[in-house]
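Below is one structure, written out as structure tokens; the observations come after it.
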Protein chains: 2
Amino acid sequence: MTRIVEPEAGPRSKRAAILTAAVDCFGEAGYEATKWSTVAERVGIGQTALYHYFESKTHCLLTIMRLELERSHDRFVEATKDVEDPVEALRTAVRAAYDVSPHEVLQMRILQNHMDLLSGTRRSKREEAERVAARQLVQVVERDWTNLLVKGMSQGSFPLRDAQLLGSSVLGLIVSVWRWYRPSGPTPLSEISELIEGACVRMVAS
Amino acid sequence: MTRIVEPEAGPRSKRAAILTAAVDCFGEAGYEATKWSTVAERVGIGQTALYHYFESKTHCLLTIMRLELERSHDRFVEATKDVEDPVEALRTAVRAAYDVSPHEVLQMRILQNHMDLLSGTRRSKREEAERVAARQLVQVVERDWTNLLVKGMSQGSFPLRDAQLLGSSVLGLIVSVWRWYRPSGPTPLSEISELIEGACVRMVAS
DNA sequence: AACTGAATTGAACTTAACTCAGGTTGATCT
DNA sequence: AGATCAACCTGAGTTAAGTTCAATTCAGTT
């Protein structure tokens, strides 16, 4: 469990700007469809300057994914920390999952579209470090949801079922939205949130 | 709605062999991680021979995705065609979705991992044709599930809800499995199938 | 045997990610 | 203020993988 230390930002570091630009590009055009040099342009630097901050295009992608996973986990913990009733906790967690900015929507999309990157090991050190960290965070987030279910089951609020499998399924249901949802689309996120919230409760509690 | 005509197989065509090899490679190592030339090797031809059958690596990928979508649709129709009761139809459809061979598991994985390809338009003719066909098939499959829900709702078997959104969600739940499921893993597909079947019924019918 | 179109190939081309050796900037210290 | 040094940046060149192309082989047909 080696933690990744965020490189402390020198005063003229463009790391944050690169991440922001990359999220916009990768999220809208897709990772493969966007040229690494385009990200550089958007930030206002030469393409080779990118390598001062990231070892590779993939390293940047993995970093975005890890950051998004950290965010998801933190948000889950923050939202559910003092909700006692399991059903309410579940509802709160679902609502929190959809309480996101447009930029975060892009990050979720990127994360979902490239989960498969977390399977195979990477060649370079820093890439592999990010990959492993992200992989672990996936498990952490899965455990967040599974624990919620376990608690509810042991309290008798939820019928007893395979909490592991059901947890993954609930999570899968929730994040599946990010594959098709577009802020510009016909369905507002609030409506989606409500429907999924109900669906999750029925899935788990009835 | 231009249908794609499957190129009729000349007696010594290697198209099928290429598709099989590509599914194995893309499914196990990942699309980007596998070199196009590796597929050629596995089939036993030079890399340039691939271009006699597919315009590009992406064209091959899109073809795999379209074929898998056609299969999913056909299987859904076949499985549910003479099941009257909506709840039974739903159960049957879910079971059919998980009644797949290991090779089909790979195809589903590939499909799910590259859905984002279907968003942006492609440069070349044949690629774009496959993309549009696949895109349409996604909608067809979504309609399959949505129609099932609509029927159940109008018959009073399911409570009235946004069938469109609920249909996408059910489908999203079902296919989310292919992102993590491995035949070699600890959980047998039968167990997954049963849990998801129950979850879908509760989601929709209660 | 000549013909035809499908199937195949080696060599060359293209593109985008990446490397490298060196140059610039600006925060900090004396 | 001037020196220093690490952070930051760049242009030129390399590499790897996908792709193109002109030429060739092969199998079946007339």
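Convention: sequence-line order gives letters A, B, ...; per-chain numbering from 1.
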Quiz item: Does the pair K151(A)/E84(A) count as a salt bridge with the N-to-O cut at 4.0 Å?
Solution: no

Rounded to whole Å, please give me the gap between [atom1] in [X] and [atom2] in [N].
X	N	atom1	atom2	value
E32(A)	dA17(C)	CD	C1'	13 Å
Y53(B)	dT19(D)	OH	P	17 Å
Q47(A)	dC18(C)	CD	P	11 Å
W36(A)	dA17(D)	CH2	P	20 Å
H59(B)	dT20(D)	NE2	P	12 Å
I45(B)	dT9(C)	CD1	P	7 Å
R126(A)	dC18(C)	CZ	C1'	14 Å
H52(B)	dC26(D)	NE2	P	16 Å

Practice problem: Identify which one of K125(A), R126(A), R131(A) satisfies the salt bridge (charged side-chain N to carboxylate O under 4.0 Å, His left out) criterion when paired with E128(A). | Solution: R131(A)

Quiz item: When the ring centroid of W36(B) is compared with that of Y31(B), is the distance short of 6.0 Å?
Solution: no

Practice problem: Have a look at T58(A) and say if it touches a base, only the backbone sugar-phosphate, or nothing, with a 4.0 Å heavy-atom cut-off. | Solution: nothing

Quiz item: How is T34(B) classified with respect to the nucleic acid when contacts are heavy atoms under 4.0 Å: base, sugar-phosphate, or nothing?
Solution: sugar-phosphate

Quiz item: Side chain of A49(B): nearest nucleotide among dT9(C), dC18(C), dA16(C)?
Solution: dT9(C)

Quiz item: How would nucleotides 19-30 of chain C be written as a contact map, 5' to 3', with B for base contact, S for sugar-phosphate-only contact and - for no contact, using protein heavy atoms under 4.0 Å?
Solution: B-----BSS---

Quiz item: Given side chains that start at C-beta, do those of L166(A) and M153(A) come closer than 4.5 Å, heavy atoms only?
Solution: yes

Quiz prompt | side-chain contact (heavy atoms from CB on, under 4.5 Å) between I45(A) and H52(A), worked out | solution = CA-CA 11 Å; I45(A) 58 180; H52(A) 182 70; over 6 Å; no

Quiz prompt | Derivation of the side-chain contact (heavy atoms from CB on, under 4.5 Å) call for L173(A) and M203(A) | solution = CA-CA 11 Å; L173(A) 169 60; M203(A) 237 174 102; 3.8 Å; yes

Practice problem: Verify the contact: side-chain N or O of K14(A) to OP1 or OP2 of dA7(D), cut-off strictly under 4.0 Å; return yes or no. | Solution: no

Self-check item: Quiz item: cation-pi between K14(B) and Y53(B), 6.0 Å / 45°
Solution: no

